[in-house]
Amino acid sequence: MRIDRLKREQLRLNSRVRIEKLKNRIKYIAGVDVGRNQTMLFGAVVVLSFPELQILESTWAKVQERLPYIPGYLSFREVPVILRAYKKLKRRPELILVDGQGIAHPRRFGLATHLGVLLDLPTIGCAKSHLWGDYQMPALRRGSFEFLRFNGERIGLVLRTRDGVKPLFVSPGHRVDFEDCRDYVLNSTTRYRIPEPLRQAHRLATERARGWDV
DNA sequence: GCGACAG
DNA sequence: ATCTTGTCGC
């Protein structure tokens, strides 16, 4: 079956994943997201200054959808259009926030990890809901978190980005560690649940998707 | 067989 | 992901 080939590809690229502390101080942070309209996928990338969080540049691209959404294989559906948009950027972000899981995935290869490995750039997965791992609900205060675990091993964190609001499922994508995940997600989140780079990428992706009529 | 299941 | 009005709570 075709899914078996995708699974083998995840396992093959898996050996390149590195979970380690970010080396450099970040000045450019990006957010990427994908929107849909009929059979078209719209990928958006927005680069912001850090820690000011001012928008510096944004690009987008559209492509025909190739695969349906299959839990565990989201990256094969969304990575192509994200790469297309990414290539149009002039600036090179030093860290990318991705709408989806990092290593908090059945084969430790979620969308953020897949993108990070292909670009060989630091990435953090920020999912709005749970996919993999066990956890306890964190306290209600912004900044509170609990580790996401699989067989006792840490694979991410459930992080409260706003007081009393549903937490985010954050996990290392590539070249970052758990502490980086907490630091950068919290420091790029202002008055909403979603970190600013992702909010902006989502705005652009849905705006392009809605304005598209075959 | 049953429940879970990023976007 | 996307479709959508009202509504609950600070």
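Within every chain, numbering begins at 1; the chains are lettered A, B, ... in the order of the sequence lines, protein sequences first and strands thereafter. Any value given below was found using the heavy atoms of this structure, including those in side chains, with hydrogens, waters and symmetry copies removed.
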[atom1] of [X] versus [atom2] of [N]: gap in Å, rounded?
{"X": "Leu131(A)", "N": "dA4(B)", "atom1": "CG", "atom2": "C1'", "value": "9 Å"}
{"X": "Trp132(A)", "N": "dC5(B)", "atom1": "CH2", "atom2": "C1'", "value": "10 Å"}
{"X": "Tyr69(A)", "N": "dA6(B)", "atom1": "OH", "atom2": "C1'", "value": "5 Å"}
{"X": "Phe150(A)", "N": "dA4(B)", "atom1": "CZ", "atom2": "C1'", "value": "13 Å"}
{"X": "Arg141(A)", "N": "dC10(C)", "atom1": "CZ", "atom2": "P", "value": "14 Å"}
{"X": "Trp212(A)", "N": "dT2(C)", "atom1": "CH2", "atom2": "P", "value": "16 Å"}
{"X": "Gln101(A)", "N": "dA4(B)", "atom1": "CD", "atom2": "P", "value": "17 Å"}
{"X": "Glu65(A)", "N": "dT2(C)", "atom1": "CD", "atom2": "P", "value": "12 Å"}

Sugar-phosphate only, base, or nothing, as touched by Phe42(A) at under 4.0 Å among non-hydrogen atoms: nothing
Sugar-phosphate, base or nothing in reach of Gly72(A), heavy atoms under 4.0 Å: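 If one applies the 4.0 Å heavy-atom cut-off, Gly72(A) turns out to touch a base.
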Thr39(A) side chain to Gln64(A) side chain, donor-acceptor N/O pair below 3.5 angstrom: yes
No-hydrogen, no-angle side-chain donor-acceptor test under 3.5 Å, Tyr73(A) and Arg107(A):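 Checked: Tyr73(A)/Arg107(A) side chains pair up, N/O donor to acceptor below 3.5 Å.
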Measure from the side chain of [X], starting at C-beta and using heavy atoms only, and say which of [options] lies closest.
{"X": "His202(A)", "options": "dA1(C), dA6(B), dG7(B)", "result": "dA1(C)"}
{"X": "Thr206(A)", "options": "dT2(C), dC5(B), dG7(B)", "result": "dT2(C)"}
{"X": "Lys128(A)", "options": "dA6(B), dT2(C), dG7(B)", "result": "dG7(B)"}

Same apolar cluster (I L V M F W Y, side chains within < 4.5 Å links), Tyr135(A)/Val165(A): no
Short side-chain N/O contact from His130(A) to OP1 or OP2 of dC5(B), under 4.0 Å: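 Yes, because at least one side-chain N or O of His130(A) sits under 4.0 Å from OP1 or OP2 of dC5(B).
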Carboxylate-amine/guanidinium contact Lys128(A) Asp99(A), below 4.0 Å: yes
Asp33(A)/Arg203(A) salt bridge by N-O under 4.0 Å criterion: no
